[in-house]
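This chain uses plain numbering: 1 for the first residue, then up along the sequence. Whatever order the structure lists ligands and atoms in, that order sets their numbers, starting from 1.
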Amino acid sequence: AKDLGRNRFQFYQPEMNESVGTRLNLERRLRRALRDNEFVLQYQPQIDIATGRIVGLEALVRWQDPEAGLVMPSEFIPIAEESGLIEAIGEWVLREACRQNQAWQDAGLPPARVSVNLSARQFHRADIRQIVLSVLEQTRLAPEYLEIELTESVIMTNAEEAAEMLNQLHDIGIHLTIDDFGTGYSSLSYLKRFPVDRLKIDRSFVSDIGVSHDDETIITAIITLAHALNLQVIAEGVETTSQLDFLVAHGCNEIQGYLYSQPVDHGLIPELLSSDGIF
Ligand code: C2E
Ligand code: CA
Ligand code: CA
Ligand code: CA
């Protein structure tokens, strides 16, 4: 393990050719983490540009390791994917995010969607629709307050099958967003056939606002395309007011990023939800 400073530990990097032993060890520890309930969620607000209010909260998983402290998803999701553990971890994330959102609503807070990231393995499970349905039933969360984020590359890897799965999920009444949009290959004809609600412009484009004219052009093209297809657009990784100004000027619907808030512990969300708009 390599100390990256702060209280974070780097256990695994895909490009680092780690020994089988190290990976098996991480896998064993992840299994234990699941059993001992060591995963936690942080939530990052998503802001509606028109009203300045929080309309969504993206649930982001962390591992509170007793020895190493807070471990970020980039350090364990790849191994969880490879080993298949992501299915159990992802189901815990889904259930916890829905439970927490319903608890906030029960406490009388203004309702917001909760967004959950679905991995490729979860998405391709034959029973994913049934899992989502039973979690909604168990947690009493109305489907309109759950959003599932799927990356463009996961969806486009097998677009025919994805269209079928997306239809099954859409029928439940939840929201669907294509995450990291613009980084992969999208067939425009499929985009029209996918029952999705929102495209999330990848941070790599947003961070180049004011830097790369080409990336600015891509952003405006994505927004125009999305609106022409009746889709909403959210931009991730918004860190500066000049990025915000550009996105507002070009009709982006929602923003998410450090400019407004980093992902925060659940305890901080009630105050954020009940505060007035930010613009
Ligand atoms: P993502 O879904 O693209 O999530 C956005 C990431 O960008 C998060 O990193 C978030 O903390 C970070 N971020 C948000 N705003 C800003 C900003 O303004 N500037 C910068 N530089 N970064 C920002 P995080 O939490 O480390 O998550 C990384 C990735 O791990 C996520 O990327 C997602 O792919 C994956 N992940 C996180 N939670 C889950 C989960 O529950 N299930 C699955 N399958 N994947 C997850
Ligand atoms: Ca996401
Ligand atoms: Ca993303
Ligand atoms: Ca991204």
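Here Val238 has backbone heavy atoms under 4.0 Å from ligand 1, and that is the only part of it that gets that close. The part of Asp180 lying near ligand 1 is the side chain, judged by heavy-atom distances below 4.0 Å. Contact annotation: for Arg203 versus ligand 1, heavy atoms closer than 4.0 Å belong to the side chain alone. The side chain of Val93, and not its backbone, has at least one atom closer than 4.0 Å to an atom of ligand 1 (non-hydrogen atoms only; side chain from C-beta on).
For the ligand labelled ligand 1, residue Gly237 lies inside the 4.0 Å heavy-atom shell. Taking a 4.0 Å cut-off on heavy atoms, Arg62 registers as neighbouring ligand 1. Contact analysis leaves Gln256 out of contact with ligand 1, as no non-hydrogen atom separation drops below 4.0 angstrom.
At the shortest separation from atom 36 (N) of ligand 1 among protein heavy atoms lies Pro73 CB, 4.0 Å. With hydrogens left out, the protein atom closest to atom 5 (C) of ligand 1 is Glu236 OE1, 4.0 Å, a heavy atom. Summary of contacts: the protein heavy atom closest to atom 10 (C) of ligand 1 is Leu60 CD1, 4.0 Å.
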### Message
If you apply the rule salt bridge (charged side-chain N to carboxylate O under 4.0 Å, His left out), what do you find for Glu87 with Arg121, and how did you get there?
### Response
CA-CA 7 Å; Glu87 294 188 22; Arg121 268 181 106 118; 3.6 Å; yes
### Message
Pair Gln42, Asp265 - check side chain to side chain donor-acceptor pair (under 3.5 Å), show working.
### Response
CA-CA 5 Å; Gln42 288 190 324; Asp265 292 343; 2.9 Å; yes
Side-chain donor/acceptor pairs under 3.5 Å, residues 169-182, sequence neighbours excluded:
{"unit_1": "His170", "atom_1": "ND1", "unit_2": "Pro195", "atom_2": "O", "d": "3.3"}
{"unit_1": "His175", "atom_1": "NE2", "unit_2": "Glu144", "atom_2": "O", "d": "3.0"}
{"unit_1": "Thr177", "atom_1": "OG1", "unit_2": "Glu147", "atom_2": "OE2", "d": "3.0"}

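Distances from the Ca ion (ligand 3) under 3.0 Å pick out these protein N/O/S atoms: Asp179 OD1, Asp180 OD1, Glu236 OE1, Glu236 OE2.
Residue-level check: among N/O/S atoms of Glu58, OE2 sits closest to the Ca ion (ligand 2).
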